[in-house]
Amino acid sequence: MESNYLDELNERQREAVLYNDGPSLVIAGAGSGKTRVLTYKIAYLLAQGYDPWNILALTFTNKAAREMKERIARQVGERARYLWMGTFHSIFSRILRTESQPIGFSPNFTIYDSADSKSLLKSIIKEMQLDDKVYKPGMVQSRISQAKNRLILPDAYASDGSIYRSDVEAKVPAMRDIYRRYWERCRQSDAMDFDDLLVYTYILFKSYPDICQKYAGQFHYVLVDEYQDTNYAQHSIVLQLTSERRRVCVVGDDAQSIYSFRGANIDNILKFTQLYKDARLFKLEQNYRSTQTIVCAANSLIAKNSEQIRKEVFSEKSVGEPIQVFNAYSDVEEGDIVANKIAQLRRKEGYAYSDMAVLYRTNAQSRIFEEALRKRALPYKIYGGLSFYQRKEIKDVISYFRLAVNPNDEEAFKRVLNYPARGIGDTTLNKLIDAANQNNVSLWKVLSEPLAFGLSINKGTHAKLQGFRELIEGFIQNAHEKDAYELGGLIVRQSGIMNEIYQDRTPENLSRQENIEELINGMHDFCATRQEEGNEHVMLTDYLSEVSLLTDQDSDKEGDAEKITLMTIHSAKGLEFKNVFVVGLEENLFPSSLSMNSYRELEEERRLFYVAITRAEEHCYLSFAKSRFKYGKMEFSNPSRFLKDIDVRYLSVPQAVSSSSPQVNTMPERPKMVVCQPVVARKFTKVSTVASRPAISTASVNGLQVGQVIEHERFGIGEVLKVDGAGDNCKATVKFRHAGEKQLLLKFARFKVIG
DNA sequence: CCGATACGCATTTTT
DNA sequence: TGCGTATCGG
């Protein structure tokens with residue numbers, strides 16, 4: 001049994017798995033079987049007599065944790081269930097909920113997502129009467145996040161001269177005050193943001209050595225995946241937990257460090273070896289994923305970076321074909337080339353759609369490829385965009401849940417105080433906030449004892465506020481008695497959200513209803529699973545603590561089986577596809593003055609490109625467009641400088657891209673489109689309307705009727721469900737075969753009626 | 001307090 | 001260009 005899986009490893013991998021006498025660092029090149037090493041190592045530890053609850057394995061995504069757990073379960077069965085395996089954030093939140101008391105939180109503390117913390121910062125900036133044009137909430141948020149990632153607390157932040165100087169230089173001297181206020185407000189609300197989960201874990205272990213001892217004692221072996229993506233806070237906690245026992249293995253690849261903007265620090269890998277001087281270093285250099293050409297091309301690119309741990313990744317797979325570079329004239333043509341190539345790969349070489357991925361730098365770049373694929377009726381799925389849990393109706397419902405568990409939660413409170421509308425407006429809310437700030441208490445406390453906190457409001461408002469208080473109090477009562485699923489349904493009904501949304505059946509409302517139903521169904525599944533695992537009562541708080549750390553990257557939606565994947569390079573990390581298209585490789589994708597100013601960023605950009613290429617198993621295609629529309633204007637650009645960093649021997653280039661790229665200084669002549677005939681679109685200019693009845697007059701050439709089938713230039717073929725509005729505001733709701741339901745503003749829509 | 005219009009701002013983002 | 005937020009008027 002034991003030798004059986006060790007045989008499946010190469011020599012390097014086996015060494016890394018078997019060495020467990022002290023700290024170790026595994027540098028795992030792209031596609032070198034990193035996850036395999038981690039899973040086998042854990043299986044090996046279990047076989048060696050470690051108990052699963054004594055092993056802590058930290059990952060960055062829920063998905064990675066889940067996959068690894070499944071793979072281990074295949075090796076060792078039931079015991080895998082008792083491993084401490086999860087994301088940094090989920091493991092630490094679990095610890096923090098158990099140990100919440102000493103750091104002054106309740107076990108039910110709320111986790112603010114970034115929208116919550118941004119909204120809190122916004123109101124703090126407003127209250128401090130600072131200009132939000134200067135103190136941009138997003139910027140303030142990222143500065144605070146950076147500080148937290150470096151474990152700099154408000155006091156240290158305020159007293160640090162160099163930080164203050166840099167804030168003054170950035171014209172934001174009040175940063176330290178905002179930070180302190182933000183920090184206090186979160187505590188007031190019994191809430192932590194994502195960074196706090198790390199910060200407070202660190203504080204907890206630092207201030208209470210006995211608690212640190214408890215966990216350091218429990219975790220006989222600690223493993224960390226994707227170590228190159230850890231920030232200083234995560235790195236420090238790993239040290240707190242392992243410095244005594246020194247049984248720790250971190251796995252990562254410095255060449256794939258692409259999250260520095262989130263505080264990830266490539267130096268952590270180097271720091272690790274400095275702090276654990278005796279750490280054994282293992283390098284996994286055999287790539288099992290890609291052809292030799294792809295591996296060599298990727299190597300030649302990354303060799304240009306100066307900050308790296310030297311390694312020579314190699315492949316013993318076939319040589320493979322050169323990486324093909326597509327040199328398109330326009331963005332539309334780029335889309336056409338890619339879509340045609342995909343169709344060809346499927347037709348001539350028998351690849352499945354799920355074997356192909358289109359990777360781009362930013363989500364905004366997806367559109368042109370969507371259109372090209374849709375035009376050819378090629379099925380695709382697109383990652384990114386608004387997550388399920390970010391949708392308005394879901395956030396509303398969850399806010400009620402959050403209040404039921406923690407009424408001090410300020411962001412949830414503000415969100416639903418007047419949703420559904422109950423006549424409590426901004427004026428009243430501001431009075432509440434003022435009173436709360438005056439007395440350093442939460443909004444809920446003010447609401448509970450308005451007189452004690454000197455809230456001056458009229459009788460009607462008072463009654464409305466008390467109505468809201470009673471509503472929430474009822475939920476709190478029920479939260480102790482009912483299980484999550486039951487309570488969820490009750491809250492959706494009693495809060496009035498149901499009424500609000502089931503009022504009319506506009507398409508938006510319909511989809512909201514579906515979303516809320518999906519959420520409630522999800523709660524049902526959650527309760528059922530937990531009950532199977534032996535938990536008798538699954539409380540709302542259990543559900544919330546899980547759901548607030550969930551992103552919908554985690555849930556694979558139905559029907560993703562046979563589809564082309566469109567996603568950003570960042571979210572493609574850890575995945576692999578037979579054929580990969582790396583698109584939109586222009587030089588001036590971003591204004592170079594804003595970003596790309598430091599050498600480090602340049603190197604990271606190269607690593608990003610490296611990650612993109614190494615997703616490919618068999619074919620890799622690179623493409624760029626010399627001209628594209630950006631913000632409605634035509635823009636011209638040269639191919640990315642990083643293209644030139646790849647050794648030409650591995651490229652198949654239509655023109656001289658690699659050695660001397662064509663300089664585009666003048667308008668290039670646009671060639672005739674040969675690849676694809678554009679859909680003939682007729683522009684709607686005038687729409688005649690019948691007064692008072694929101695419909696377009698019939699029969700005229702420009703008229704659009706319910707039931708008609710149209711072909712839209714971007715969305716393809718669809719059926720008209722509804723037409724309303726007048727004049728320039730005339731809108732049509734159309735259900736498209738591939739794009740779903742869309743609202744079209746007829747003034748701008750370009751389509752033709754085909755039936 | 002809600003709707004309609006006006007303005008301004010556009011990276012990547014595992015948690 | 002196209003969306004998300006700010007502001008004004010009913």
Side-chain angles (χ1 to χ4, degrees), chain A residues 58-66 86-93 111-115 117-119 122 126 132-133 136-138 141-142 145 148-149 192-198 225-226 228-231 233-234 256-264 359-365 367 383-387 389-390 392 417-429 461 464 546-554 567-575 584 588-592 594-596 601 604-605 607-609 611-612 628-635 725 728-729 745 748:
Chain A
L58 297 167
T59 63
F60 275 81
T61 62
N62 294 307
K63 199 173 167 190
R66 199 174 47 230
T87 62
F88 278 90
H89 296 261
S90 72
I91 296 286
F92 294 161
S93 79
I111 297 172
Y112 277 171
D113 66 19
S114 26
S117 69
K118 199 172 194 165
S119 138
K122 227 183 217 168
K126 206 168 180 181
D132 62 1
K133 298 257 155 47
K136 291 192 188 115
Q141 187 181 30
S142 81
S145 174
K148 284 182 178 174
N149 287 160
M192 294 192 195
D193 66 20
F194 288 139
D195 301 319
D196 286 335
L197 292 173
L198 309 175
D225 192 12
E226 309 274 18
Q228 78 280 357
D229 290 336
T230 52
N231 58 40
Q234 289 163 324
Q256 292 184 66
S257 165
I258 55 173
Y259 280 98
S260 71
F261 66 93
R262 285 186 69 83
L359 306 182
Y360 33 78
R361 180 64 222 266
T362 76
N363 279 316
Q365 287 171 277
R367 229 188 67 191
Y383 286 80
L386 209 55
S387 116
Y389 298 101
Q390 305 268 45
K392 184 193 175 300
L417 179 64
N418 197 36
Y419 180 83
R422 43 175 77 83
I424 308 172
D426 278 346
T427 326
T428 311
L429 174 62
T461 314
K464 286 174 194 160
E546 173 137 329
V547 95
S548 46
L549 291 172
L550 222 56
T551 52
D552 68 354
Q553 294 269 316
D554 303 325
M567 58 165 73
T568 62
I569 300 169
H570 279 91
S571 44
K573 201 163 92 170
L575 305 177
N588 57 353
L589 184 56
F590 302 110
S592 51
L594 264 173
S595 182
M596 303 281 267
E601 279 174 65
E604 177 153 329
E605 209 63 19
R607 292 196 294 267
L608 192 68
F609 194 10
V611 170
R628 74 174 63 234
F629 272 99
K630 203 175 173 188
Y631 313 142
K633 277 201 201 93
M634 185 70 98
E635 248 189 29
D728 276 1
N729 266 326
L745 193 55
F748 297 118

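What you see is a predicted model; the values in this text were computed from it and never measured. The chains referred to below are lettered A, B, ... by the order of the sequence lines, with proteins before strands, and numbering in each begins at 1.
Nucleic acid contact class of A64(A) (heavy atoms, under 4.0 Å, all strands): none. I569(A) comes within 4.0 angstrom of no nucleic acid atom, judged by non-hydrogen atoms across all strands. Heavy atoms of D229(A) sit under 4.0 angstrom from at least one base atom. Using a 4.0 Å heavy-atom criterion, one finds that F88(A) contacts no nucleic acid atom at all.
Side chains of Q141(A) and S114(A): no donor on one and acceptor on the other come within 3.5 Å.
In this structure, CE of M567(A) is placed 14 Å from C1' of dT13(B), rounded to the nearest angstrom. We find that NZ of K118(A) is positioned 12 Å from P of dG4(C), with the value rounded to whole Å. To the nearest angstrom, C1' of dG2(C) lies 15 Å from NZ of K630(A). Nucleotide dG2(C) holds its C1' atom 16 Å from the CG atom of N363(A), rounded to whole Å. The nearest whole Å value for the distance from the CG atom in D195(A) to the P atom in dT14(B) is 13 Å. Here the C1' atom of nucleotide dT14(B) and the CD atom of Q228(A) are 11 Å apart, to the nearest Å. Put simply, CG on L197(A) is 14 Å from C1' on dT14(B), counting in whole angstrom units. The NZ-C1' distance, from K136(A) to dT5(C), rounds to 15 Å in whole Å.
Separation of the P atoms belonging to dT12(B) and dT5(C) is 16 Å when rounded to the nearest angstrom. Comparing the C1' positions of dT13(B) and dG2(C) gives a spacing of 22 Å, expressed to the nearest Å.
In terms of phosphate contacts, S114(A) brings no side-chain nitrogen or oxygen within less than 4.0 Å of OP1 or OP2 of dT15(B). An OP1 or OP2 oxygen of dT15(B) is reached within less than 4.0 angstrom by a side-chain nitrogen or oxygen of N62(A). Between N231(A) and dT15(B) there is no side-chain polar atom (N or O) within less than 4.0 angstrom of OP1 or OP2.
Here H570(A) contributes atom NE2 and N363(A) contributes atom CG; the two are 11.0 Å apart, rounded to the nearest 0.5 Å. The line from CG of D225(A) to OG1 of T230(A) is 11.0 Å long, rounded to the nearest 0.5 Å.
Here the side chain of H570(A) is nearest to one of dT14(B), dC2(B), dT12(B), namely dT12(B). With distances taken from any side-chain atom of R367(A) to the nucleotides dT11(B), dT15(B), dG2(C), the minimum falls on dG2(C). Of the candidate nucleotides dT15(B), dT13(B), dT12(B), dT13(B) has the atom nearest to the side chain of Y259(A).
For dT12(B), the base is anti relative to its sugar; the glycosidic angle deviates from 0 by more than 90°.
Seen from the ring of Y419(A), K392(A) counts as a face-on cation partner, given the 6.0 Å and 45° thresholds.
Looking at residues two or more places apart in sequence or on another chain, you find a ring pair (Phe, Tyr, Trp, His ring centres under 6.0 Å) between F88(A) and F60(A), F92(A).
Of the two residues contacting DNA chain B, namely T87(A) and G423(A), the nearest-nucleotide position lying further toward the 5' end is that of G423(A). Along DNA chain B, the nucleotide nearest to I258(A) and the one nearest to K133(A) differ in position, and the one closer to the 5' end is contacted by K133(A).
Contact record, P137(A) with K122(A): CG-CG, 3.7 Å, taken as the closest heavy-atom pair. Nearest heavy atoms, S90(A) versus S93(A): O-OG, 3.1 Å.
Remark: of the listed residues N62(A), L197(A), L58(A), L197(A) is the sole one forming a side-chain contact (heavy atoms from CB on, under 4.5 Å) with H89(A).
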Report summary line: Secondary structure of DNA chain B per the Watson-Crick/G-U criterion (both distances under 3.5 Å; [ ] crossing, | other strand, . unpaired) is ||||||||||.....

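Taking a centre distance below 5.5 Å and an interplanar angle below 30 degrees as the stacking criterion, Y631(A) stacks against the six-membered base ring of dA10(B). Ring-to-base geometry places F261(A) in a stacked arrangement with dT12(B) (centre distance under 5.5 Å, plane angle under 30°).
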Query raised in the report: For D229(A) and Q234(A), what are the C-alpha separation, side-chain angles and deciding distance, and is it a side chain to side chain contact (heavy atoms under 4.5 Å, CB included)?
Result: CA-CA 10 Å; D229(A) 290 336; Q234(A) 289 163 324; over 6 Å; no

